[in-house]
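Sequence positions, counted from 1, serve as the residue numbers for this chain.
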Amino acid sequence: MMAARRDDKSPTPAPAPAAPPYYIAERPLYIGGQFGRAFNPGDQVPVEHVEKYGWQTKVRLPDGYAAPDQPQSEPETENGQATTTGKGDA
């Protein structure tokens, strides 16, 4: 017996990733003490390494990556700039 044929050709949307593909080191990162340097500032650091070695405070998200649970850092205005509506408000 043949399997039922699916005519649905629309691709399923990929779910948004919860974690970034990598982090960026903000300072030198060491494994096993002062002399085991693993990453330099600006290097891409695998997510697994950040979790394993506790480097959460020493790395940042990649440029342009917005985590789904993070609020927007820009104000919600027409042109993206926070402004006042009245004259004389400085």
Side-chain angles (χ1 to χ4, degrees):
M1 190 178 257
M2 294 180 63
R5 182 177 162 181
R6 290 185 57 188
D7 289 331
D8 184 18
K9 301 213 188 234
S10 62
T12 57
Y22 58 88
Y23 288 97
I24 303 294
E26 290 189 322
R27 59 182 80 159
L29 301 176
Y30 297 93
I31 296 175
Q34 180 179 357
F35 301 108
R37 183 181 280 197
F39 298 97
N40 292 315
D43 287 350
Q44 293 182 0
V45 182
V47 175
E48 303 83 37
H49 285 75
V50 173
E51 295 170 359
K52 182 176 181 180
Y53 298 108
W55 293 335
Q56 289 84 357
T57 60
K58 300 174 183 174
V59 297
R60 65 174 174 81
L61 291 171
D63 294 335
Y65 181 83
D69 59 346
Q70 281 188 330
Q72 291 289 333
S73 61
E74 301 229 352
E76 294 183 20
T77 59
E78 293 175 5
N79 57 5
Q81 187 71 30
T83 59
T84 59
T85 57
K87 285 190 171 184
D89 294 340

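Counting all heavy atoms, side chain and backbone alike, P20 lies closest to L61 at CG-CD2, 3.6 Å. Between I24 and Q44 the shortest heavy-atom distance is CD1-CG, 4.2 Å. The heavy-atom pair separating V59 from A25 by the smallest distance is CG1-CA, 4.1 Å.
Within the 4.5 Å cutoff, no side-chain heavy atoms of Y22 are placed close to those of V45.
A search for side chain to side chain contact (heavy atoms under 4.5 Å, CB included) contacts involving P46 returns F39, E48, H49, not counting sequence neighbours. Contacts of R37 classified as salt bridge (charged side-chain N to carboxylate O under 4.0 Å, His left out), with partners at least two apart in sequence or in another chain: none.
Counting only residues at least two apart or in different chains, salt bridge (Lys or Arg N to Asp or Glu O under 4.0 Å) contacts with residues 50-62 comprise R60-D63.
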